[in-house]
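So the structure is just underneath, and the comments pick up after that.
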Amino acid sequence: MSAFLAEQHIRDVPDFPKPGILFKDVAPVLQCPAALQEVVDALANDARKYGAEVIVGIESRGFVFGVPIALQLGLPFAMTRKLGKLPFDRITEEYALEYGTNTVEMHTDAVDPGQRAYIVDDLLATGGTAAAAARLVERLNGNVCGFGFMVELAFLEGRKNLLGYPVNALIQY
Ligand code: AMP
């Protein structure tokens, strides 16, 4: 049991989106302002510790947690989005899934050269998405100063995809 109230509000949904997957539903955390506040405060403290200058959120639950962190710290917020959603000049990174691939994109002006970026998502699973987000930041010559997740599925060893970066996850399974 972690010290975070949010842990009591994470709902397990078996066999979603497909058989064999235990989905960690964070919607009830968002319905509990005290739990959400604790998560935002903890990740904002971590981002501050690593000298973040921009918060990067991974679509879409990374936006929900990332925007209040950016506001709390008075920092800009940058989106990494799924393929085909961004309207302006963009760069693209593909990453492997168990079957097939996925693609994430970022606007070319989302991160400035040399800027320290703290990357946020709700949950770290295999780490493929987070690693692709880091590659996007680095292609724009930004520096990834750390990753922040509310939840880590530690048995999937996603940290192995993020070696060399500080990784903070508040609640581990
Ligand atoms: P990965 O690239 O494998 O680390 O997957 C991370 C992304 O997929 C995050 O944006 C998560 O929100 C989502 N995700 C992966 N597995 C789960 C799960 N078991 N429950 C909820 N979300 C998940």
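In this chain, residues are counted from 1 in sequence order. Note that ligands are numbered from 1 as they come in the structure, with each ligand's atoms numbered from 1 the same way. Here the structure is a predicted model, which is why all the values come from computation and not from measurement.
- Taking the side chain as every heavy atom from C-beta outward, T108 and F88 approach each other to under 4.5 Å.
- For the pair L136 and V104, the minimum side-chain heavy-atom distance is below 4.5 Å.
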Practice problem: Tell me, with the steps shown, if E105 and R90 meet salt bridge (Lys or Arg N to Asp or Glu O under 4.0 Å). | Solution: CA-CA 6 Å; E105 297 188 314; R90 59 201 171 269; 3.7 Å; yes
Side-chain donor/acceptor pairs under 3.5 Å, residues 62-80, sequence neighbours excluded:
residue	atom	partner	partner atom	Å
Q72	NE2	D41	OD1	3.3
T80	OG1	G57	O	3.4

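- Defined by atom type and a distance below 3.5 Å, a donor-acceptor pair is present between the side-chain atoms of E152 and Q172.
- Side-chain N/O atoms of Y95 and T129 include a donor and acceptor closer than 3.5 Å.
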What does the contact table look like for ligand 1 (nitrogen or oxygen on each side, cut-off under 3.5 Å)?
residue	atom	partner	partner atom	Å
ligand 1	2 (O)	G128	N	3.4
ligand 1	2 (O)	T129	N	2.9
ligand 1	2 (O)	T129	OG1	2.5
ligand 1	3 (O)	T126	N	2.8
ligand 1	3 (O)	T126	OG1	2.6
ligand 1	4 (O)	A125	N	3.0
ligand 1	4 (O)	T126	N	3.0
ligand 1	4 (O)	G127	N	2.7
ligand 1	10 (O)	D121	OD2	2.7
ligand 1	12 (O)	R61	NH1	3.3
ligand 1	12 (O)	R61	NH2	3.3
ligand 1	12 (O)	D122	OD1	2.8
ligand 1	12 (O)	D122	OD2	3.4
ligand 1	19 (N)	L22	O	3.0
ligand 1	20 (N)	K24	N	2.9

